[in-house]
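Read the structure below first, then the notes.
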There are 2 protein chains.
Amino acid sequence: MKPTAKQVAHEAGVSISAVSRAFSPGSSIDADKRQRILQVAVQLGYTSPARRTAEVISAGTVTLVAGDLANPFYPLVLDTLAKALQAVGRQLLVYAIPPQTDMDQLTPQILAARPNALVVTSARLTSGMAQACRQHGIKVVLLNRIQRDVRVNAVACDNHAGGRDAATFLMARGRRRIGLIGGIADTSTHRERVQGFREVLQEGGQSILAEATGDYTYRGSYVAVQSMLSRKDRPDALFCCNDIMALAAIDAARERGLSVPADLSIIGFDDIPMAGWTSYRLTTIRQPVTRMVSEVVSLIHDGAHVPVDETTTSILPGKLMIRGSA
Amino acid sequence: MKPTAKQVAHEAGVSISAVSRAFSPGSSIDADKRQRILQVAVQLGYTSPARRTAEVISAGTVTLVAGDLANPFYPLVLDTLAKALQAVGRQLLVYAIPPQTDMDQLTPQILAARPNALVVTSARLTSGMAQACRQHGIKVVLLNRIQRDVRVNAVACDNHAGGRDAATFLMARGRRRIGLIGGIADTSTHRERVQGFREVLQEGGQSILAEATGDYTYRGSYVAVQSMLSRKDRPDALFCCNDIMALAAIDAARERGLSVPADLSIIGFDDIPMAGWTSYRLTTIRQPVTRMVSEVVSLIHDGAHVPVDETTTSILPGKLMIRGSA
DNA sequence: TCGGCGTTTGAAAAATTTTCACGGAGGCGG
DNA sequence: CCGCCTCCGTGAAAATTTTTCAAACGCCGA
């Protein structure tokens, strides 16, 4: 038997009118009373017809939180995700947040929109946010990011293997003075790429000659590479934790009159469209964006009935794209 | 007196039940009949209570339709717009559509989400869509695009003046064999930039030496420039209708062993972040993205009470950024 | 202390949604 | 080809919800 407003009213000790009012935004009712009614309603599983159609209308909304749209990799992800969601009749809400901030300030705003699912990319999910989402039954997927401190779904490229591939490739080319331009230290992408890379070097009896951080930005990397190249024993190869940093490295090397790859091999990570442009021809690890996005969509869309606390982590293989820079 | 379902039913010649069904998604009713009822409802100004609360819940949603996220200019716009809307407590829904398609297929999906406003950038708005939006009271803003065939708001950079500035600058530098790489012929951005550019040349007694189209893409421009540079009387300057095409032009010129700007001056349009990168240092016309976006937000947010058929067109000045490529 | 004035409330009226039964269209097996 | 069955669309009526209305309450300024 379907629960009615009458039952809720009786249970909460109020009139039917009050129940109706609790469900229509903007009507004059005491906040506490509304809260109590809503709570009873949840217990009994009651929703007003208005709320019901509202939910149907806004059904299928997925919210994407992106922290770094300046890195062309994320627009690529956004474009792919938007099209994939449209294809299954869902909508994509986008929040852009300043890089390296966490999303706690946005929590109320994001939850107010009642999305079905939340996709977080290049931003830090706080455990408070994760918990709030679980309570509201909102599925969360971390894209291109793994966080061990929260229990949510995650889809990422195999960054560790990618780092290994990069190192193996450089060693096979006979490079021995190898430098590293890191991203942002407390991101899983940075840690895993670096770890895989370092591992292979150590297995081959090598170690990283020089290491600097480029903040995953063009400018940060440019400055870091410039100073690294002015050292006495400058490296003959550079692994950059993402593509824009690698492009900056190429620019910095050229600025110094060095030839890429003759004097300096450079290898990136992501394979953004610009990596294939003629003046760069960047050798890089391609992230399987399309596959990552379909994984996200299947988690959200096909797995709509899966309970929110049953989480999956997908690690998809990247692919070394050999072009001219290494 | 507020209109009721009874009146709508009488007017449309159906039962009250039918009216109710027309407003609840998923109920069994003939599509034609629903259409007719909805039309009468709009005439009388009737909305079901369910629809009413739904609208309050999803209030403040703005839908962005973007056609070309591969051009870094649009992610820049997206990022700026998303942040500006967040700041005033609104949400941004994003639709990505394949370049050069119009949006008629998406119309039902977009309208189903009942946004408050629609921002269209790098996509063609059809008059059917515009009319549907007007009927639903959805405000439409064309961003970086002007269309004379539909009566909607528009915000754009002064493309005509930008084209003039580019030409003036090249002429002042003594360039006389000037080529043009166009974008997509039936876009206002292309037309106006080209027209302004051509005007100044003619005023100075010059004309365009060679003209080709690059489809606003890197690859398209690269191919066009390659063939243009292999002509006997190759140009000594090139105006490209956007920045990625200009970057492609620089790459193509270098590939041929030409020096930029000594052998070939290149000037672009947009000022995307990459234009400032060290290996390009592209001279270009900067679009005032921040101002354009605030204009859009004020049109949508501050002008929320302005009737939808009262439309404004804002043309904001661009700015010539002189770097190293011309 | 005494009126406004605005908010909150339940009862009742009004309106809407849902159920129910019916009629007709189309598919399927005999 | 016919009958039967199912499924869709429909209006009337029942059930449910929303809105109106008038009353009660508290707050503030005079």
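Below, read A as the first sequence line, B as the second, and so on, with proteins coming before strands; counting in each chain starts at 1. It should be emphasised that the depicted structure is a prediction, and the values quoted were computed from it without experimental measurement.
To the nearest 0.5 Å, atoms CD (B/Gln91) and OG1 (B/Thr61) are separated by 5.0 Å.
A heavy-atom distance below 4.5 Å is found between the side chains of A/Cys157 and A/Pro288.
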- Task: List the protein contact pattern of nucleotides 18-26 of chain C with one symbol per nucleotide (5' to 3'): B for base contact, S for sugar-phosphate-only contact, - for none; contact means a heavy-atom distance under 4.0 Å.
- Result: BB-------
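Distance from the side chain of B/Tyr46 is smallest for C/dT16 among the nucleotides C/dT16, C/dT9, C/dG10. The nucleotide whose nearest atom lies closest to any side-chain atom of B/Ser28 is, among D/dT10, D/dT17, C/dT9, D/dT10. Comparing atom distances between the B/Ser15 side chain and each of D/dT17, D/dG11, C/dT17 picks out D/dG11 as nearest. Distance from the side chain of A/Ala5 is smallest for D/dT17 among the nucleotides D/dG11, C/dG10, D/dT17.
Here C/dT16 presents its C1' atom at 12 Å from CZ of B/Phe23, a figure rounded to the nearest Å. The CG-C1' distance, from B/Asp30 to D/dT10, rounds to 11 Å in whole Å. Across the protein-nucleic acid pair, A/Ile29 atom CD1 and D/dC25 atom C1' stand 16 Å apart, rounded to whole Å. If you measure from atom CG of B/Asp32 to atom P of D/dC8, you get 17 Å, rounded to the nearest angstrom. Rounding to whole angstrom units, NZ of residue A/Lys6 and P of C/dA11 are separated by 12 Å. A/Arg34 has its CZ atom 14 Å from the P atom of C/dT7, to the nearest Å.
B/Thr189 and B/Tyr216 are linked by a side-chain donor-acceptor pair at a separation below 3.5 angstrom, with hydrogens and angles left out of the test.
A donor-acceptor pair is defined here as one N or O able to donate and one able to accept, closer than 3.5 Å; no such pair exists between the side chain of A/Asp158 and the backbone of A/Leu316. Using a distance-only test at 3.5 Å, with no hydrogens or angles considered, no donor-acceptor pair links the side chain of B/Asn116 to the main chain of B/Val62.
Contact detail for B/Arg36 and B/Ala12: the closest heavy-atom pair is NH2-O, 3.7 Å.
Tested against B/Val120, the residues B/Leu64, B/Ile97, B/Leu125 include a single side-chain contact (heavy atoms from CB on, under 4.5 Å) partner, B/Leu125.
Taking only side-chain nitrogens and oxygens, A/Lys33 comes nearer than 4.0 Å to OP1 or OP2 of C/dT9.
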